[in-house]
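Here is the structure we will look at, set down as structure tokens.
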Amino acid sequence: MHPSRYRLLWIGAFTFVGHLVIYGIWGHLIPQPYENPWVRLVMALLALIYVLPRVSRDPSSTESARMFSLATWIQLPWFFTWMYWMNGGNAVWLGSVAMMILIYYHATDWRLATLGLITGGLAGWATAELSGSPHGFTDPLANTVVIGFSWTMGLMLGFSGANLRRARLLNTLSTMGVMAHELRTPLATVNLMGDVLRNLVQHDVPEAKRKKLEELATRLQNLVRSMNRQIDTQISNAQLMRLPREQSLITAAELVQEVINQYPFRSSRERDCVQIHIQNDFFFTASRPLFAQVLTNLVKNALHALAAASTAPSPGDLRLDVGMHHGKGRIAVSDDGIGITLEQQQRIFEPFFSTQTGAGNGLGLTFCKNVVESANGRLSVHSQPGLGAVFMIDLPITPTVPTQVATPA
């Protein structure tokens, strides 16, 4: 429910040690009718899935979610149900199953927990039957009542948590709506100022001053456009990454060129350090406004990295490459800035984590990652401290049908 690298590491370590400790208690200190050291060892080793780098490095990824869900399903409903039946539903395992139900609803979404309890319970019962479980329960009716009560409480907690998150979401969206309205009003005024400057140059204005006024008007309106995109980005983040579903066919090279042309560079030197290289253009299907914001965010981060370097930026210090890689289209944003440490790379896509001390809210790259993944793509980073960074967007290519040109008979 709340993906975090350190949370996964803690769960993995706690579960690994917990199985070994519980085996010592139920197997020797307070012996139970059935306990299996080999199964306990397998369960303990299974907990190491949570600490695997491919799972813990990016807990919000689809692969991590699937592996976490599978390992948790085996650890909780399947294993606990099996041991409950093998021990004849005694008091120890009745209490354990009741606790397991509450833990499962706390650790996952209530819908996933409900489905997991049904399938895991049936699988655990079937495994117990194949293992030759005892068929004598001391008080099956009382056991049913306790388990039913635990399940009901788990559902109620799940509903309460979902309602709380929904209420927080509505409050956040309401606040963001007010802020967006208040911000867009002065931005519209600034945009009008750009139009006024453009009108001024139509009168008797010297050529040198005319160019400066036109450049200033362009920068003002580009800045307004960028700020409006930032507002849209924050609203998307406030919606828990529920991104719009409108999609269109996008030309990668055209999008890259458009973003750079409209970016509000702070100086001509900053603009001159950017170079675009088109090796192989390609088409992909996604939301054009959102992908434009993704590239804008990556360019902005690259410029921050260059500004933090000790040397002044020079042409080619920031590069945007469009090409192909292993059968997919790739847009790469490279910079020769300060680089990113390995530890930061492992957390850089986490919400609210920022490498810019005292600046940024830590949502920009999270937003970028969600937008890219919504197009079935992948956003990755390669960097070494002091040697710059490369952010790579790999996207499935959308084939296009060539236009048929009619020839005269």
[atom1]/[X] to [atom2]/[Y] distance, rounded to the nearest 0.5 angstrom?
| X | Y | atom1 | atom2 | answer |
| --- | --- | --- | --- | --- |
| Asp281 | Met324 | CG | CE | 10.0 Å |
| Asn90 | Met83 | CG | CE | 9.5 Å |
| Leu295 | Ile393 | CG | CD1 | 5.0 Å |
| Ile49 | Ile74 | CD1 | CD1 | 6.5 Å |
| His304 | Asp335 | NE2 | CG | 12.0 Å |
| Leu318 | Ile276 | CG | CD1 | 10.0 Å |

Heavy-atom pair with the smallest gap, counting every atom of [X] and [Y]:
| X | Y | result |
| --- | --- | --- |
| Gly154 | Leu102 | N-CD2, 3.8 Å |
| Ile397 | Gly329 | CG1-N, 3.4 Å |
| Thr285 | Ala375 | O-CB, 3.8 Å |
| Leu379 | Lys369 | CD2-N, 3.8 Å |
| Arg288 | Ile250 | CA-CD1, 3.6 Å |
| Arg271 | Asn261 | NH2-OD1, 4.4 Å |

Side-chain heavy atoms of [X] within contact of [Y], under 4.5 Å:
| X | Y | answer |
| --- | --- | --- |
| Tyr23 | Leu41 | no |
| Asn87 | Val92 | no |
| Ser96 | Tyr84 | no |
| Leu306 | Glu270 | no |
| Val51 | Ile11 | no |
| Leu46 | Phe79 | no |
| Leu20 | Val17 | no |
| Ile340 | Phe391 | yes |

- Query: Does the side chain of Gln75 come under 3.5 Å of the side chain of His19 through a donor N or O and an acceptor N or O?
  - Reply: yes
- Message: Tell me whether His277 at atom NE2 has more than 12 heavy atoms from other residues, nucleotides or ligands lying less than 6.0 Å away.
- Response: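 Count over threshold, so yes.
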- Message: Are there over 12 heavy-atom neighbours, none belonging to Arg378, within less than 6.0 Å of that residue's CZ?
- Response: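 No, the 6.0 Å shell around CZ holds no more than 12 heavy atoms from other groups.
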Closer than 3.5 angstrom, by distance alone: can the side chain of [X] be matched with the main-chain N or O of [Y] as a donor-acceptor pair?
| X | Y | result |
| --- | --- | --- |
| Thr81 | Gly124 | no |
| Asn36 | Val39 | yes |
| Trp73 | Gly116 | yes |
| Asn143 | Gly89 | yes |

- Query: Taking it one step at a time, do Leu320 and Gln257 satisfy side-chain contact (heavy atoms from CB on, under 4.5 Å)?
  - Reply: CA-CA 9 Å; Leu320 287 89; Gln257 191 66 59; over 6 Å; no
- Check against side-chain contact (heavy atoms from CB on, under 4.5 Å), Asp321 and Ser334: CA-CA 8 Å; Asp321 297 276; Ser334 312; 4.3 Å; yes
- Aromatic rings Tyr263 and Phe265: how do their planes relate, parallel, tilted or perpendicular, breaks at 30° and 60°?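 Tilted.
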- Parallel, tilted or perpendicular: which describes the rings of Tyr34 and Trp82, with under 30° parallel and over 60° perpendicular? perpendicular
- Task: Apply the side-chain hydrogen bond (donor to acceptor under 3.5 Å, both in side chains) test between Asp394 and each candidate in Lys328, His325, Arg330; give the one that qualifies.
- Result: Arg330
- Query: For Phe80, which of Tyr104, Trp85, Trp93 qualifies under ring-ring contact (aromatic ring centres under 6.0 Å, His included)?
  - Reply: Trp93
- Summary of salt bridge (charged side-chain N to carboxylate O under 4.0 Å, His left out) pairs that have at least one residue in residues 10-27, sequence neighbours excluded: none
- Message: I'd like to know whether Gln262 forms a side-chain contact (heavy atoms from CB on, under 4.5 Å) with Thr296, so could you lay out the CA-CA distance, the side-chain angles of the two residues, the decisive distance to 0.1 Å, and finally the verdict.
- Response: CA-CA 9 Å; Gln262 295 181 357; Thr296 299; over 6 Å; no
- Starting from the C-alpha separation in whole Å, work towards a yes-or-no answer on side-chain contact (heavy atoms from CB on, under 4.5 Å) for Met86 and Glu35. CA-CA 9 Å; Met86 293 302 294; Glu35 188 60 56; over 6 Å; no
- Task: Report the C-alpha separation of Trp10 and Tyr50 in whole Å, then their side-chain angles, then the decisive distance to 0.1 Å, and conclude whether the side-chain hydrogen bond (donor to acceptor under 3.5 Å, both in side chains) test is met.
- Result: CA-CA 9 Å; Trp10 181 88; Tyr50 300 127; over 6 Å; no
